[in-house]
Amino acid sequence: MSDLANTPIKTKRSFKDTLWADRYFWIAAVIVILPQLSFALTWLLWPLRQFATYVHELFHGLFSLVSGGGFDRMVMYLDGGGTAFTSYYTEIGSALTSAGGLIGPAILGAIILFFSRRFKMTHKLLLALGVMMALSAALWARDSYTITFCVVTSMVLIGAYFIPSKGFVRVFAQMIGIQLCLQNVLDFRYMFIESFERNGEILFSDTGNIAQTLGGSYVLWASIIAAFTLVIIVFALWKSAPSD
């Protein structure tokens with residue numbers, strides 16, 4: 001008798017099925033999103049917001065290096081802001097450097113969401129993030145606060161690598177991924193402004209700088225980046241399937 005009758009038939013998983021199948025994702029989503037709805041509770045997510053700022057500034061620097069420019073240092077502030085001190089030699093390099101800080105967190109967040117549904121990969125991701133922050137502290141952090149934040153967060157991430165609980169590790173990693181993916185949404189007002197004031201000086205926003213460099217409206221570039229971010233997030237969730 002053929003074994004074909006006993007062979008399970010694999011059906012293609014829909015986006016809806018994939019999304020709802022991972023309870024860890026929804027636990028992490030509730031933990032991250034609910035405090036955002038109440039100003040009195042947003043302080044609970046201060047570490048995640050600071051990490052997202054770190055990633056934002058880091059990708060400014062990394063995109064500058066990739067485009068042939070320089071990355072001198074990065075500075076983070078207690079209020080959630082930050083600055084990446086970069087140099088560039090072409091207008092394209094300037095635009096890529098500005099865009100990197102906006103799309104970088106979404107790309108990293110999507111990678112985390114994609115692989116964090118596999119327990120072994122989740123541990124490796126946390127270890128890699130911890131090493132990345134340690135290297136950042138050594139290479140680009142110059143002020144005491146930025147160095148302290150990078151070192152302490154690095155220790156937390158590397159420490160999480162040794163935690164055996166599948167549920168805790170997955171929720172922890174996916175909280176980071178969700179926060180990074182939502183960063184552009186949370187900073188929606190910043191994306192859709194042309195300039196802002198810092199220490200009495202008027203500075204172009206990231207999208208404002210792209211518009212000044214490449215032409216067009218900062219609103220147009222903000223809309224393109226917002227749409228690109230959404231595509232990244234949906235693709236990561238769609239292609240990832242919960243697996244133990």
Side-chain angles (χ1 to χ4, degrees), residues 47-112 128-129 131-143 145-150 153-154 176-177 179-199 201-214 216 218 220-229 232-233:
L48 285 178
R49 294 297 300 268
Q50 288 293 87
F51 182 78
T53 296
Y54 155 78
V55 174
H56 176 96
E57 303 306 336
L58 177 66
F59 271 88
H60 274 317
L62 294 180
F63 269 60
S64 179
L65 291 174
V66 169
S67 62
F71 183 15
D72 180 50
R73 69 188 188 278
M74 59 188 297
V75 176
M76 297 174 59
Y77 310 114
L78 279 169
D79 64 359
T83 303
F85 292 86
T86 61
S87 58
Y88 48 86
Y89 303 102
T90 64
E91 292 185 346
I92 295 295
S94 174
L96 286 174
T97 299
S98 295
L102 296 174
I103 66 175
I107 293 173
L108 180 58
I111 291 172
I112 293 173
L129 290 174
V131 172
M132 177 183 72
M133 295 208 73
L135 290 174
S136 299
L139 296 175
W140 299 301
R142 297 291 183 270
D143 63 293
Y145 173 68
T146 306
I147 293 174
T148 301
F149 179 81
C150 288
T153 307
S154 173
I176 296 173
Q179 179 69 36
L180 292 176
C181 287
L182 291 178
Q183 186 65 19
N184 284 346
V185 176
L186 298 173
D187 289 341
F188 185 81
R189 288 183 299 175
Y190 172 72
M191 283 185 60
F192 283 86
I193 61 172
E194 185 175 16
S195 60
F196 63 97
E197 181 179 346
R198 174 178 290 166
N199 298 326
E201 183 181 1
I202 301 299
L203 303 172
F204 282 114
S205 66
D206 291 329
T207 52
N209 185 62
I210 296 173
Q212 290 291 318
T213 303
L214 300 182
Y218 68 92
L220 171 64
W221 290 109
S223 300
I224 292 173
I225 291 173
F228 181 68
T229 300
I232 291 174
I233 296 170

Any [X] side-chain heavy atom under 4.5 Å of [Y] side chain:
X: Ile210; Y: Ile225; result: yes
X: Leu180; Y: Val55; result: yes
X: Phe204; Y: Glu194; result: yes
X: Thr229; Y: Leu102; result: no
X: Tyr77; Y: Thr83; result: yes
X: Gln50; Y: Thr153; result: no

Between Tyr54 and Thr146: side-chain donor-acceptor atoms closer than 3.5 Å: no
Pair Ser205, Tyr218: side-chain N/O donor-acceptor within cut-off below 3.5 Å: no
Which atom of Asp143 lies closest to which atom of Met76, heavy atoms considered: OD2-O, 4.1 Å
CZ-CD1 distance between Phe63 and Ile103, expressed to the nearest 0.5 angstrom: 4.0 Å
CD-CG distance between Glu91 and Asn209, expressed to the nearest 0.5 angstrom: 10.0 Å
Qualifying salt bridge (charged side-chain N to carboxylate O under 4.0 Å, His left out) pairs with a residue from residues 47-73, counting only residues at least two apart or across chains: Arg49-Asp187
Geometric class of the Tyr190/His56 ring pair [parallel <30°, tilted 30-60°, perpendicular >60°]: perpendicular
